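First the structure, in the form of structure tokens, and then the observations on it.
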Amino acid sequence: YERMRNRLVKTKDNFKEKIENVMYMGSFDDDFFDELEETLILSDLGAQTSVKITEALRKKIKETHSKSKEEVMGFLKEILIEMVQVEAVKPQDPTIMLVVGVNGVGKTTTIAKLASRYKSQGKKVVIAAADTFRAAAAEQLDEWAQRVGVDIVKSTTGADPGAVVFDAIGAAKARNADILLCDTAGRLHNKVNLMNELQKISRIIIREGEGFTIHNLMILDATTGQNAINQAKVFHECVDISGIILTKLDGTAKGGIAISIIDEMQIPIEYVGIGEKSEDLIDFDPKKFVDLLFE
Ligand code: GDP
């Protein structure tokens with residue numbers, strides 16, 4: 001978590017400084033709660049989540065009659081910790097991971113990071129390059145696969161992504177793979193196409209992937225703030241998202257979005273991206289994340 005602490009510095013400083021300013025307003029009256037709600041929204045926690053937090057704190061202060069800044073700060077931290085406790089399920093291998101997300105969020109990089117991580121754990125990994133829409137996507141993924149040293153199944157640009165996934169499942173079975181990582185296209189501007197394509201791939205995975213655990217992972221970019229939640233909602237309508245990876249948490253002050261994502265989606269964040277290298281993916285521990293914000 002040392003690395004996380006260093007890379008999270010912008011979010012951390014931004015959050016703590018703003019919250020402390022509100023705490024130093026003096027009394028815990030309506031003005032305080034309005035200001036707190038505003039501050040939480042400005043820290044990318046979203047309106048819905050910010051209202052929920054503010055109301056929970058209001059209730060707690062009323063119950064305890066607390067007038068101490070330190071104590072109230074502690075209550076706030078407890079509320080946030082409770083909010084982010086959405087248990088992640090660790091899928092039993094062999095696993096097929098369908099990786100979805102809008103272009104540019106870091107999908108390719110994250111697949112490479114996952115491949116590298118699982119490989120270093122001694123697992124056999126196969127990648128399916130099923131974003132057949134962007135010519136560069138398969139090439140980029142292929143480069144990563146070579147670098148990380150894992151197998152990749154790809155096809156020509158414009159090919160049917162479902163067919164690539166079908167072939168990749170066959171390859172994963174034949175090679176006794178532990179993990180099959182499926183890349184997908186992320187064209188959000190055409191929601192109907194996106195939905196059709198993802199649902200078709202998902203059906204193929206369910207039909208062909210007998211004996212595999214299926215895990216649908218959504219990649220979200222922390223720097224996009226509240227937009228990330230909208231994306232998550234659209235994709236969750238297409239396929240049942242079981243885990244989230246939040247990228248680019250390094251160098252952004254918008255990391256508070258992590259809390260809002262968990263609260264609104266009730267889906268766990270499993271990993272976070274804190275850089276561009278293959279080792280820059282770390283396990284997400286929600287409690288530690290909140291602890292860091294208050295450090
Ligand atoms: P894709 O279009 O979703 O496949 O996105 P890419 O994987 O190509 O990533 C887009 C850009 O974001 C690239 O320049 C990546 O190096 C960068 N990127 C991905 N993940 C992270 C991260 O966790 N931190 C930072 N700083 N950059 C990242």
Side-chain angles (χ1 to χ4, degrees), residues 1-12 14 44 97-118 125 127-148 150 152-155 157 161 164-165 181-190 193-194 197-198 201 216-225 227-232 234-235 238-239 241 243-258 261 269-285 289 292:
Y1 250 69
E2 248 345 279
R3 280 205 301 153
M4 172 92 165
R5 178 180 285 116
N6 294 336
R7 310 258 170 115
L8 201 69
V9 93
K10 278 199 186 152
T11 293
K12 224 162 84 65
N14 178 49
D44 291 276
M97 296 188 181
L98 179 65
V99 185
V100 304
V102 176
N103 291 339
V105 294
K107 202 151 28 96
T108 312
T109 314
T110 303
I111 289 173
K113 288 173 178 175
L114 288 171
S116 162
R117 163 183 284 247
Y118 296 135
V125 181
I127 294 175
D131 178 358
T132 55
F133 187 74
R134 285 188 299 171
E139 278 164 37
Q140 202 189 340
L141 207 52
D142 198 20
E143 264 172 42
W144 272 113
Q146 307 306 330
R147 211 180 307 168
V148 175
V150 299
I152 183 164
V153 174
K154 53 187 197 295
S155 187
T157 303
V164 178
V165 170
L181 292 164
C182 303
D183 186 24
T184 56
R187 293 161 285 151
L188 194 58
H189 59 271
N190 193 333
N193 276 357
L194 177 85
E197 185 168 309
L198 287 179
I201 294 175
N216 298 330
L217 275 171
M218 167 108 217
I219 314 296
L220 297 171
D221 176 344
T223 65
T224 63
N227 249 333
I229 304 223
N230 299 332
Q231 290 168 15
V234 171
F235 278 81
C238 302
V239 285
I241 306 296
I244 290 169
I245 300 181
L246 189 60
T247 63
K248 310 186 197 179
L249 212 50
D250 53 306
T252 179
K254 294 178 183 285
I257 189 67
I261 289 171
I269 294 178
E270 296 185 5
Y271 302 106
V272 290
I274 53 164
E276 297 184 275
K277 299 206 190 75
S278 61
E279 66 270 21
D280 294 332
L281 183 78
I282 59 171
D283 288 298
F284 184 73
D285 180 328
F289 177 77
L292 276 181

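Note that the structure is predicted; figures quoted are calculated from it, not measured. Counting starts at 1 for both ligands and their atoms, in listed order.
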Tell me whether [X] has any N or O atom under 3.5 angstrom from an N or O of ligand 1.
| X | result |
| --- | --- |
| Leu249 | no |
| Asp280 | no |
| Thr110 | no |
| Asn103 | no |
| Thr247 | no |

- Task: Compute the minimum heavy-atom distance from Gly104 to ligand 1 and say whether it is under 4.0 Å.
- Result: yes
Just to be sure I read this right, does ligand 1 sit under 4.0 Å from the backbone of [X], its side chain, both, or neither, counting only heavy atoms?
| X | result |
| --- | --- |
| Lys277 | neither |
| Thr109 | both |
| Arg7 | neither |

Can you tell me how far apart [atom1] ([X]) and [atom2] ([Y]) are? Round to the nearest 0.5 Å.
| X | Y | atom1 | atom2 | answer |
| --- | --- | --- | --- | --- |
| Leu292 | Thr11 | CG | OG1 | 10.5 Å |
| Asn227 | Asp221 | CG | CG | 9.5 Å |
| Ile261 | Ile244 | CD1 | CD1 | 6.0 Å |
| Tyr271 | Ile282 | OH | CD1 | 12.0 Å |
| Arg134 | Asn103 | CZ | CG | 4.0 Å |
| Arg7 | Glu2 | CZ | CD | 12.0 Å |

- Query: Are Met4 and Leu249 close enough that some pair of their side-chain heavy atoms sits under 4.5 Å apart?
  - Reply: yes
Considering the heavy atoms of [X], write down every atom of ligand 1 situated less than 4.0 Å from one of them.
| X | answer |
| --- | --- |
| Glu276 | 14 (O), 15 (C), 16 (O), 17 (C), 25 (C), 27 (N), 28 (C) |
| Gly273 | 23 (O) |
| Lys107 | 1 (P), 3 (O), 4 (O), 5 (O), 7 (O) |
| Ile274 | 23 (O) |

- Message: Just to be sure I'm reading this right: ignoring hydrogens, which of Leu281, Thr223, Thr108, Asp250 gets closest to atom 24 (N) of ligand 1? Compare them by their nearest heavy atoms.
- Response: Asp250
- Message: Using heavy-atom distances only, which candidate in Ala185, Gly106, Gly275 approaches atom 22 (C) of ligand 1 most closely?
- Response: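 The residue whose heavy atom sits nearest atom 22 (C) of ligand 1 is Gly275.
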- Item | Distance from atom 18 (N) of ligand 1 to nearest protein heavy atom, with residue and atom | Lys248 CE, 3.9 Å
- State whether the side chain of Lys107 and the backbone N or O of Asp183 hold a donor-acceptor pair below 3.5 Å, judged by distance alone. no
- Does Lys113 reach the main-chain N or O of Asp280 with its side chain, forming a donor-acceptor pair under 3.5 Å?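 Checked: pair present.
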- Message: My understanding is that only one of Val272, Ile274, Ile245 makes a side-chain contact (heavy atoms from CB on, under 4.5 Å) with Leu281; could you say which?
- Response: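 Answer after filtering Val272, Ile274, Ile245: Ile245.
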